[in-house]
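Worksheet for the structure shown next.
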Number of protein chains: 2
Amino acid sequence: MAAASTIFSDCSPSSMTARLLPLRRIHIDSILFRSSISPPPPPRRRTISSAFAARMTAETSAKVIDGKSIAKQIRDEITIEISRMKDATGVVPGLAVILVGSRKDSQTYVRNKKKACFNNDPSIHGILVQLPLPRHMDEENILNSVSIEKDVDGFHPLNIGRLAMRGREPLFVPCTPKGCIELLHRSGVEIKGKRAVVIGRSNIVGMPAALLLQRENATVAIVHSYTKNPEEITRQADIVISAAGVANMVRGSWIKPGAVVIDVGINAVDDPESHRGYRLVGDVCYKEACTVASAITPVPVKTRNQRINWGKSEPSKGFEAAYIL
Amino acid sequence: MAAASTIFSDCSPSSMTARLLPLRRIHIDSILFRSSISPPPPPRRRTISSAFAARMTAETSAKVIDGKSIAKQIRDEITIEISRMKDATGVVPGLAVILVGSRKDSQTYVRNKKKACFNNDPSIHGILVQLPLPRHMDEENILNSVSIEKDVDGFHPLNIGRLAMRGREPLFVPCTPKGCIELLHRSGVEIKGKRAVVIGRSNIVGMPAALLLQRENATVAIVHSYTKNPEEITRQADIVISAAGVANMVRGSWIKPGAVVIDVGINAVDDPESHRGYRLVGDVCYKEACTVASAITPVPVKTRNQRINWGKSEPSKGFEAAYIL
C-alpha cells in the first residue's frame, strides 16, 4: 500500500520537478545500426499486431516490450554480419566515440582531435560525438566537422535532410529513433497507416523519430511545449514515442486503449528511500499506462547483462540536458 | 441552378479523375524570399485572428485570403530592399532559372550548363531548377550539383536538414511553403500553438510546409496516401495547407468550422464548356469549404496584373507531375 501510494505520488504533477538527464542512447556496445547493412530477418516476431486491434478496452497489464532481448537479437545478428565482413574483406568496423563530460575541453581541441585523428584515419569507419555537449561548446560546428561518410549518428544536417526527403536515403540514421522503430518492428507492431504521436521534438530523438515514422507511412503528429492539448492528441495515437524528458508526464489517461508506447525518457525523481536520493523513471507513468496500452517499454530497462552502465548518465557539472519539449 | 449543380459535380468523387499539373510555385518575378533579408513589417495586418476563435459555427462565406494583394505588398517591400542594396553595394540580385520542359534535354547538358555558367558566375546569386523534372532526369544529382550558397529554392538536402533541425537556419527556404506561411502571417493568422494539418508530403511543398509550421510552433500532423482517416484528422486542424494534387478532394465536411485553409493544389478537371476542355480547381472543394472556413485561398487566384502566366503550367509531353499524396 505504501508502495502504491509512492507510485501514485510519482505520477502526480507535484512530483514532476525532475532533474533532467541526458537522453538515453540505444548504443549496442560499439556496433551501430548502419543503413547500408541489411541484417538477416529477426528469428521470431511477436504478434502484438494481432492483439493490437482487439485490445480496445482497458486491460490490467500491457505486454512489456523486452528491449534487452531485442538488443541481444540485434547484437547476435550484427556479430554474424561483422564476421562475414571480416572474412570477406579483412576489415572490422572501427568506431571513435567523442565523449565530452564534466571536463571543460575546448571546442578547438575537440575539433582538431576529430579532424586530425578520426576523419582521416582509415581504421575509423564511424565517428560519434556524444550529445548533448556542454552548452559552451558549439555543437553545430562540431557536428558539421564530422565527415559525412563517418557520421554514424546521422546528426549531420545533410543526413537529416535526406531522412526528411522522399526518394533520398540517409547514409546513417540517428540511433535512438532507429532503435525505437526497431523495437516496433521486432515486436510485430505494424506502423504503416497507424496514427503515431511523438512527444518532444529534439534534434536527437523526437524530430528524427517523427521523420522515421513518416518514412514508415504512419500518420504522424508531434506534440511539444506549445501544444495546447497534448493529452487529447496523444490519446488519438496507436503508437506513442515519448522523448520529452519530463518524469511521469504521460498519464494513463493520455494513452488510447491498445496503443503501443515507447518511452525514451530517463528522468531522475527524488526518492529519499534510494541510497542515491533519487531514482530513474520514464516520461510515461508506467503503472498507469501499462493498464491501458497493449505494449510498453519499461524505464529503466532491467538488463541482466548490463553492458551499458546507465549510472554514467548522471548529470555532471557543466553538463546540460538536451531535452526539448 | 445549372452552375450550382456543375459545382457540386466537381466536388463529387466521380469528377476527381483530374489531370495533374505541376505544383504552383509562388514566384514573384525573379525575386524570391531570402531568409537573410528581413523585409520591413507589412503595412497592415488583417485581423482574421480575432475572428478565428469566434467563428466556431458554420458561416456562409469565408474571408478570401487575397494572395494577389499580399504578393504586391511583398514585391513593393522587396523593391525597396533591393534599391537599398543597390545603393549600398552596387549589386542587384541575379537569378538563373533552369526550366526543363518538353524538350528531352540530357542530364549532362543541364549539369554542365549549371556548373559551367551559373555556380561560378559572380553575377548569378541564385539558381533555381524548375521542378518537377521529367522522370528520365536524375533530380537528386541535378539538385545536389547546385551550389548550396545559390540554392534559392532550398531543395538541397543540407538546406532541408537545417530546416528540420532546431537551432539551425537554412540558407534558403522552399518558396511555395514559405509563401503559405507568408499568407498566414500577413493575414494575421496566429500559428503558434494551433493545430495544423498538411495534406501531402512532397519534397517541394508538403514536407517543407510541415517543417515550417513546426518551426512556427504549430502542432503539426501530415496526412498522406496511407492515412486511414484523412477527413477526421483534417477536421481537427485550425490551419489546413493542402498540397495533394487531387481535385476537390477536401470537402466542406473535412474543415473545422473557423479553420484557415491554404490551397496549394492546381488541378485540371474536365469541363466541356471551357474552350480548353478543362478548367483549374484546387485540392479543396472551394464552394463547400468557404461556408465553413474562416479564411481561404481561392484556386485559381484571380490576378488583375498577372505577371505569371499560369497557362504555362499546362502539362507538356514528357512532363511528370510531382504530386505525392
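The chains referred to below are lettered A, B, ... by the order of the sequence lines, with proteins before strands, and numbering in each begins at 1.
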Open item on the list: Rounded to the nearest 0.5 Å, what separates atom CZ in B:Arg168 from atom CD in A:Glu140?
Closed with: 4.5 Å
Task: Nearest atoms (heavy-atom pairs only) where A:Ala164 meets B:Asn203 - done: O-OD1, 4.4 Å
- [ ] Could you tell me which non-hydrogen atom of B:Met165 sits nearest to which non-hydrogen atom of A:Pro157, and how far apart they are?
- [x] SD-CA, 3.8 Å
TODO: Report the distance from atom CG of B:Leu213 to atom CD1 of A:Ile222, rounding to the nearest 0.5 Å.
DONE: 11.5 Å
Task: Test log, rule side chain to side chain contact (heavy atoms under 4.5 Å, CB included), inputs B:Gln236 and A:Gln236 - done: CA-CA 11 Å; B:Gln236 295 173 341; A:Gln236 295 173 341; 2.4 Å; yes
Open item on the list: Let's test your reading of the structure: which of B:Lys192, B:Arg162, B:His156 forms the most heavy-atom pairs below 4.5 Å with chain A?
Closed with: B:Lys192
Open item on the list: Heavy-atom pairs under 4.5 Å with chain A - which of B:Val220, B:Thr219, B:Asn217 has more of them than the others?
Closed with: B:Asn217
Open item on the list: For A:Asn229, which atoms come within 4.5 Å of any heavy atom of chain B: side chain, backbone, both, or neither?
Closed with: side chain
TODO: Verify side chain to side chain contact (heavy atoms under 4.5 Å, CB included) between B:Arg201 and A:Arg166, making sure each step is shown before the conclusion.
DONE: CA-CA 8 Å; B:Arg201 50 175 171 168; A:Arg166 285 169 72 82; 2.9 Å; yes
Open item on the list: To the closest 0.5 Å, what do you measure between CG (A:Asn159) and CG (B:Leu158)?
Closed with: 10.5 Å
Open item on the list: Would the distance check show the side chain of A:His224 and the main-chain N or O of B:Ala218 forming a donor-acceptor pair, the cut-off being under 3.5 Å?
Closed with: yes
TODO: List in chain and number order the residues that pass salt bridge (Lys or Arg N to Asp or Glu O under 4.0 Å) with A:Arg195, two or more places apart in sequence or in another chain; answer none if no residue qualifies.
DONE: B:Glu232
Open item on the list: A:Thr234: which residues meet the side-chain hydrogen bond (donor to acceptor under 3.5 Å, both in side chains) condition with it, sequence neighbours left out?
Closed with: none
